[in-house]
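Order of listing sets the numbers, starting from 1, for every ligand and every atom in it.
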Amino acid sequence: MFGLMQDRPLMISSIIRHAARNHTASEIVSKNVDGGIHRYRYPDLESRARRLVRVLKGLDIKPSDRVATLGWNGFRHLELYYAVSGMQAICHTINPRLGAPDIGFIVADAADSVIFAETSFAAIIEAIATQTPSVRAVVFMCDRAEMPALDLPSGMALLCYEELMAAETDDYTWPEFDERTAASLCYTSGTTGKPKGVLYSHRSTVIHAMAVTAPDVFGLRATDRVLPVVPMFHVNAWGLPYAAPATGASLIMPGRHLDGPSLTALMNDEHVTMSAGVPTVWLGLLHHLRASGERLETVDRLVIGGSACPRLLLAAFQTEYGVRVDHAWGMSETSPLGTMNAPVPTTMNLAGEAKLRHLEKQGRGIFGIDMKIVDDSGAELAWDGVAQGNLMVRGVWVASAYWGQEPGSACDAQGWFATGDVATIDPGGTMEITDRSKDVIKSGGEWISSITLENIAVSHPDVAEAAIVATSHPKWTERPLLVVVARPGATLDPAEVLTIYDGKIPKWWLPDGVVVLDELPHTATGKVHKLTLRNRFRDHLERQA
Ligand code: ADP
């Protein structure tokens, strides 16, 4: 017997309709490319999204067509999120920090019909235009006066967003259709290989949005003012563009300005209460605050994820600025939220070192995500906080296949998706990533955690950034090598840097060498590009010998 409750499809458009009717006073504040501020409210966003659907129809966009975006976090990008998915097409967000060859590959692979681009990305459009025959038009997200002059191949129209909008009305009613319909497409940033497309559905997006608003996840309320530093071109800005309107929280969109001074000013001017982003951004903010003596006047919490959160950030924001740091883990394939480190009765009273040690872990699975760790033969390992294994996840917002592949092909018969991360899980269910399977250092057959070694290295007062890479060793196969960048104005003595490990790790984990660089290579999402470092330093010890 079925229950007798209404079976209404979960539609992304229902989020913006809800916000427009119930949260009329909440704002969307955007920092424009030119540094100016644009502000409007949810009813304006919803009305402009409907108008934009009419523009898309005028461009002959049909259900399931891919509409690409090359955009910063701002109101027009938000309008595209809702209009494209709401009309049953697929919003394909592209990471503009990738190189032109990768972007060309991604546009061709997705066979995008139209690209909406920020004027700052005109050069990218010029570089890829001849490789992307599926693209009929490029729409620059600006006024007529700001339009860049570009020579596009014939058959590719050059259009102006505000001009197209001005020619339409908002006379459109959001349709209802199967909630499993594809809504958005995002390629993984390729830390470990060629970009692969993750295709989110209306159902997965709405359920993920509802899950992340919970108190022990993002804890969003209508009175919050949320600043997504995490870009809308990377895993839908961790779902915040959906979760915020679902709760009525205001959105403060930083545009391209993500440096410490810009973020501090925007956070204080716009009374931001919550923000989310990767460690690199928060390290930049922390350095600026310490150097300038400025304070964060209204922020009460930062969500940090995407890479392991260094202890320095966990400690400094709380003790120096009274800002709580919430450590999260996830990936493009998990929409992205998988785990969050929120307190439970047994950890809520931890203090000092024990508290910091606990917060370094990535946290417990949020409701909706199943987790397990397995050995190389696939056998499940104990949740004892010691056994390390390959982390597997499943859930309604976890990918079942990549773009263009057979449904189910990215997971096993029971739906488990292999994350590529290596982790332990303690008896309380708290997961800790010790490595990515490709970054693992196996010395004499035993695993050394590169994340642990990196976290300790960045606690050195003169180290700005650190990475541990495996380097070949004749006896132990692999040994860890520490690659560091000094803080501005500091000089690093390799032997002295290693003393930071005294008493903190097993002796045999101590890196076999230290290399000081001016900067580390980063991926398009701000993570250290380990592959480049591994290739460069693979033979380091042998060359030195
Ligand atoms: P890519 O795989 O291309 O880097 P993602 O942005 O999806 O793209 O990255 C997901 C990966 O980032 C995870 O598999 C994990 O290795 C890493 N990651 C994410 N959050 C954390 C975290 N809190 N701690 C450690 N690693 C993390």
### Task
With heavy atoms under 4.0 Å as the rule, classify the contact between Met331 and ligand 1 as side chain, backbone, both or neither.
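Answer for Met331: both.
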#### Entry: ligand 1-proximal atoms of Ser307, by part, heavy-atom distance under 4.0 Å
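Within the 4.0 Å criterion, Ser307 contacts ligand 1 through backbone atoms alone.
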### Task
Establish, yes or no, whether a centroid distance under 6.0 Å links the rings of His208 and Tyr200.
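When the ring centroids of His208 and Tyr200 are compared, they turn out to be at least 6.0 Å apart.
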Only heavy atoms of [X], strictly under 4.0 Å: list the atoms of ligand 1 that pass.
{"X": "Gly330", "value": "10 (C), 13 (C), 19 (C), 20 (N)"}
{"X": "His234", "value": "6 (O)"}
{"X": "Ala328", "value": "20 (N), 22 (C), 23 (N)"}
{"X": "Gly306", "value": "12 (O), 17 (C), 18 (N), 19 (C), 20 (N), 21 (C), 27 (C)"}

### Query
For the residue pair Asp224 and Gly219, what are the closest heavy atoms and their distance?
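What the structure gives for the nearest pair is OD2-O, 3.4 Å.
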### Message
Restricting to non-hydrogen atoms, name the atom on Ala466 and the atom on Glu454 that form the minimum distance, rounded to 0.1 Å.
### Response
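Shortest heavy-atom contact: O-CG, 3.9 Å.
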Under 3.5 Å, is there a donor-acceptor pair between the [X] and [Y] side chains?
{"X": "Asn341", "Y": "His358", "value": "yes"}
{"X": "Thr273", "Y": "Arg225", "value": "no"}
{"X": "Asp512", "Y": "Trp476", "value": "no"}

### Ala308 N/O under 3.5 Å from ligand 1 N/O
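N/O-N/O distance under 3.5 Å: yes.
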### Message
For ligand 1, which is the ligand I care about here, please tell me if Glu333 has any N or O atom under 3.5 Å from one of the ligand's N or O atoms.
### Response
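No, there is no polar N/O contact under 3.5 Å.
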### Query
Closer than 4.0 angstrom: is that true for some heavy atom of Gly420 and an atom of ligand 1?
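Outside the 4.0 Å threshold, so no.
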#### Entry: Ionic contact status for Glu118 with Arg76, cut-off 4.0 Å
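The answer is no: the pair does not qualify as a salt bridge.
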#### Entry: Per atom 13 (C) of ligand 1, closest listed option by heavy atom (Val303, Asp421, Thr419)
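Of the listed residues, Asp421 has the closest heavy atom.
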